[in-house]
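For reference, the structure discussed in these notes is given below.
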Amino acid sequence: MNQSAPTLLLRADANPRIGVGHVMRMMTLAEEWIRIGGKVVLLSKELPARLTERVEQLGVRCEALTVVPGSAKDLLETSKMIRQINPLWLVIDGYDLHALIPESREEGFPRVLAFYDFNNGSMIQADGLIDQKAGTQRESYNDYSSEATLLLGGSYCLIREEFRRAREEPSKFATSVERVLVTLGGADPSNATTDCIRAISDAAEHQLRIDVVVGAANPHRTEVAAAAKESPHEVVLLDSVSNIAELMSQADLAVAAPGGSSWELAYMGVPMLLVTLAENQRPNAEYLGRTGVARCLGDHGAMSGSDWRESIQTVLGDADLRAGMVDKGRQLIDGLGAARVCRHLREPLFRLRAAESADARMIWEWSNDPGVRAVSFSSEPIPWNSHFAWFEQRLTDAQSRLRIATEHDGDPVGQIRFDFGSEKSATISISLASGVRGKGLGTQLIWMACRELFADTDFDRVLALIKPDNVASIRAFEKAGFETGGDTEVKQQPARRFVLDRGKCL
């Protein structure tokens with residue numbers, strides 16, 4: 001069994017001009033990749049020391065660059081690192097970094113995934129592209145090759161594990177605002193934070209606590225501190241924040257930029273006012289305003305003091321408006337985007353092939369493993385003769401599909417079977433080799449096999465029947481996109497039914 005951990009090489013920068021958002025969403029991807037057993041290296045220029053420390057705490061190896069981003073020297077240094085670590089993918093995130101994708105790839109140059117923020121569909125010569133803005137449509141990218149992996153929309157929005165832990169169920173909603181969170185990016189070059197504090201300070205009839213996140217690259221901390229001191233409210237300035245999810249969970253209202261933090265706030269169910277700080281944020285702001293997830297204040301450079309005050313007063317005084325934002329935000333982002341992206345990145349590591357007669361004994365041994373029998377609806381050991389007859393019949397049965405999952409080098413790791421039913425539905429079952437269990441591989445193979453089935457056939461739905469106490473299988477199928485379909489019985493035993501519709505196999 002091939003035990004080498006696949007590596008992602010991430011390329012993103014952070015500084016007062018561009019902020020820290022590119023690196024932070026890369027870290028969300030890195031966190032999930034490391035969780036499923038991979039390694040991550042980050043190449044970056046001008047990474048602030050506090051951010052470097054935070055990145056390394058996740059288990060990411062940081063490598064500093066001194067090159068002009070997107071330059072020929074940048075490509076040279078990136079290529080040198082590629083030769084050193086042999087990554088599965090190069091992932092780039094930055095406005096100047098698309099030049100790092102060479103028009104003709106040298107042998108050994110990895111697949112490239114590019115984050116994209118402009119929503120205009122202009123061509124980037126990447127193998128995969130992620131545009132995580134909710135509302136992004138496939139039609140914007142019709143010119144891309146059908147072979148390119150296009151991960152578009154809020155389903156691929158990257159939400160860190162800390163937010164999933166902090167999110168409350170059912171949603172919390174305060175009928176009055178007592179606590180406001182101000183988080184306007186890691187840099188905030190136009191000093192919107194100071195203007196925001198002053199505008200909220202004019203709402204003197206409310207008694208508020210204002211938590212103000214001062215980003216690691218913010219050059220205006222002195223002005224921010226002065227505005228906080230002059231405010232009639234309790235203003236708490238927060239540097240080097242490591243508990244942003246907790247702060248969001250405590251907030252009754254947030255003022256934010258329409259970048260990555262807006263998706264986190266939507267997921268957490270926090271009503272929000274959005275201030276556009278960069279041109280590429282405008283489509284986000286317009287979409288979130290149009291769908292009722294947020295109230296948009298407009299571009300910071302064009303806003304007057306009265307614009308700030310009027311909008312803040314309106315949202316503070318309208319509980320129904322805020323409640324609508326909470327509900328719509330939670331419906332928009334489900335928090336599983338990082339796992340979905342990693343499934344696509346991990347896909348080249350595995351292959352699915354048709355089962356063959358030579359696989360009979362291997363599958364018999366997998367099926368008779370005590371752990372497999374314990375979670376099966378028939379727990380008795382399977383005799384070899386019975387298994388062999390069944391297996392040979394399955395190989396030629398038009399109402400069944402039996403697939404063997406292998407690593408890229410051909411080592412088998414599991415089997416997936418579909419039994420075809422009526423009304424364009426199929427029932428799935430899966431078993432893994434004992435050496436690969438407990439590593440999240442079940443979800444990967446379930447997802448790959450279902451995608452293949454939907455691509456090859458006109459089936460609209462896949463069903464899974466699982467024992468209620470088989471927690472590991474339930475989690476694997478839920479992570480693959482299956483939704484609960486109620487309780488049933490199998491062989492006079494209680495079972496839970498899970499369903500994956502074609503359109504939910506993302």
Side-chain angles (χ1 to χ4, degrees), residues 6-13 18 21-30 32-33 38 40 42-44 69-70 74-75 78-79 82 87-105 109-159 258-260 262-263 278-284 287 333-334 336-349 447-448 451 455 481 503 505-506:
T7 300
L8 294 185
L9 177 59
L10 310 182
R11 177 69 186 87
D13 299 319
I18 64 172
H22 300 291
V23 170
M24 290 307 298
R25 67 181 173 187
M26 283 287 214
M27 290 308 99
T28 308
L29 183 62
E32 178 65 15
W33 191 255
V40 180
L42 172 67
L43 276 177
S44 188
D74 192 348
L75 176 57
T78 301
S79 298
I82 287 170
L88 181 65
W89 287 82
L90 167 65
V91 187
I92 60 176
D93 189 350
Y95 310 137
D96 302 319
L97 301 183
H98 297 149
L100 298 182
I101 310 174
E103 292 185 9
S104 59
R105 309 277 178 85
F109 202 93
R111 298 172 182 86
V112 181
L113 175 71
F115 280 82
Y116 197 59
D117 288 312
F118 298 100
N119 203 32
N120 61 14
S122 61
M123 291 291 291
I124 301 172
Q125 301 302 319
D127 304 280
L129 184 145
I130 176 169
D131 183 342
Q132 63 177 356
K133 296 188 295 296
T136 300
Q137 299 297 315
R138 179 63 176 82
E139 290 74 16
S140 299
Y141 296 93
N142 280 339
D143 291 339
Y144 273 78
S145 165
S146 60
E147 297 180 0
T149 299
L150 300 181
L151 309 181
L152 310 177
S155 294
Y156 299 99
C157 183
L158 303 184
I159 300 294
S262 64
W263 310 125
E279 176 64 27
N280 68 295
Q281 295 177 345
R282 189 172 295 158
N284 288 10
Y287 178 82
I333 306 296
D334 67 7
L336 302 177
R340 291 190 181 102
V341 173
C342 285
R343 283 200 289 271
H344 283 276
L345 296 182
R346 206 179 181 193
E347 191 171 13
L349 295 173
W447 172 77
M448 288 178 63
R451 284 185 75 214
C505 191
L506 301 173

Is [Y] close to [X] at the side-chain level, that is, under 4.5 Å between some pair of heavy atoms?
{"X": "Arg340", "Y": "Trp447", "result": "no"}
{"X": "Pro6", "Y": "Trp33", "result": "yes"}
{"X": "Arg451", "Y": "His344", "result": "yes"}

Exercise for the section: Using side chain to side chain contact (heavy atoms under 4.5 Å, CB included) as the criterion, point out the one residue from Leu349, Thr7, Leu345 that pairs with Leu88. Expected result: Leu349
Practice task
For Leu152, check side-chain contact (heavy atoms from CB on, under 4.5 Å) against everything at least two apart and list the hits.
Solution key: Leu129, Asp131, Thr136, Arg138, Tyr141, Leu150
Minimum heavy-atom distance between [X] and [Y], given as atom pair plus value:
{"X": "Ser262", "Y": "Gly259", "result": "OG-O, 2.6 Å"}
{"X": "Pro87", "Y": "Leu8", "result": "CB-C, 4.4 Å"}
{"X": "Pro348", "Y": "Trp89", "result": "CG-NE1, 4.2 Å"}
{"X": "His98", "Y": "Ala114", "result": "CD2-CB, 4.4 Å"}
{"X": "Ala126", "Y": "Arg105", "result": "CA-NH2, 4.2 Å"}
{"X": "Gln132", "Y": "Leu158", "result": "OE1-N, 2.9 Å"}

Practice task
Show your working on side chain to side chain contact (heavy atoms under 4.5 Å, CB included) between Leu97 and Asp13 and close with a plain yes or no.
Solution key: CA-CA 9 Å; Leu97 301 183; Asp13 299 319; 4.2 Å; yes
Problem - Pro258 backbone acceptor or donor facing Asn284 side chain under 3.5 Å - result: yes
Practice task
Test Val341 against Leu113 for side chain to side chain contact (heavy atoms under 4.5 Å, CB included), laying out the working first.
Solution key: CA-CA 10 Å; Val341 173; Leu113 175 71; 4.3 Å; yes
Can you tell me how far apart [atom1] ([X]) and [atom2] ([Y]) are? Round to the nearest 0.5 Å.
{"X": "Ile92", "Y": "Arg11", "atom1": "CD1", "atom2": "CZ", "answer": "9.5 Å"}
{"X": "Ile130", "Y": "Cys157", "atom1": "CD1", "atom2": "SG", "answer": "8.5 Å"}
{"X": "Tyr156", "Y": "Leu29", "atom1": "OH", "atom2": "CG", "answer": "13.5 Å"}
{"X": "Met26", "Y": "Phe115", "atom1": "CE", "atom2": "CZ", "answer": "6.0 Å"}
{"X": "Arg25", "Y": "Thr28", "atom1": "CZ", "atom2": "OG1", "answer": "9.5 Å"}
{"X": "Ile159", "Y": "Asp334", "atom1": "CD1", "atom2": "CG", "answer": "9.0 Å"}

Practice task
Go through Leu43 and Asp74 one step at a time and tell me if the side chain to side chain contact (heavy atoms under 4.5 Å, CB included) criterion holds.
Solution key: CA-CA 10 Å; Leu43 276 177; Asp74 192 348; over 6 Å; no
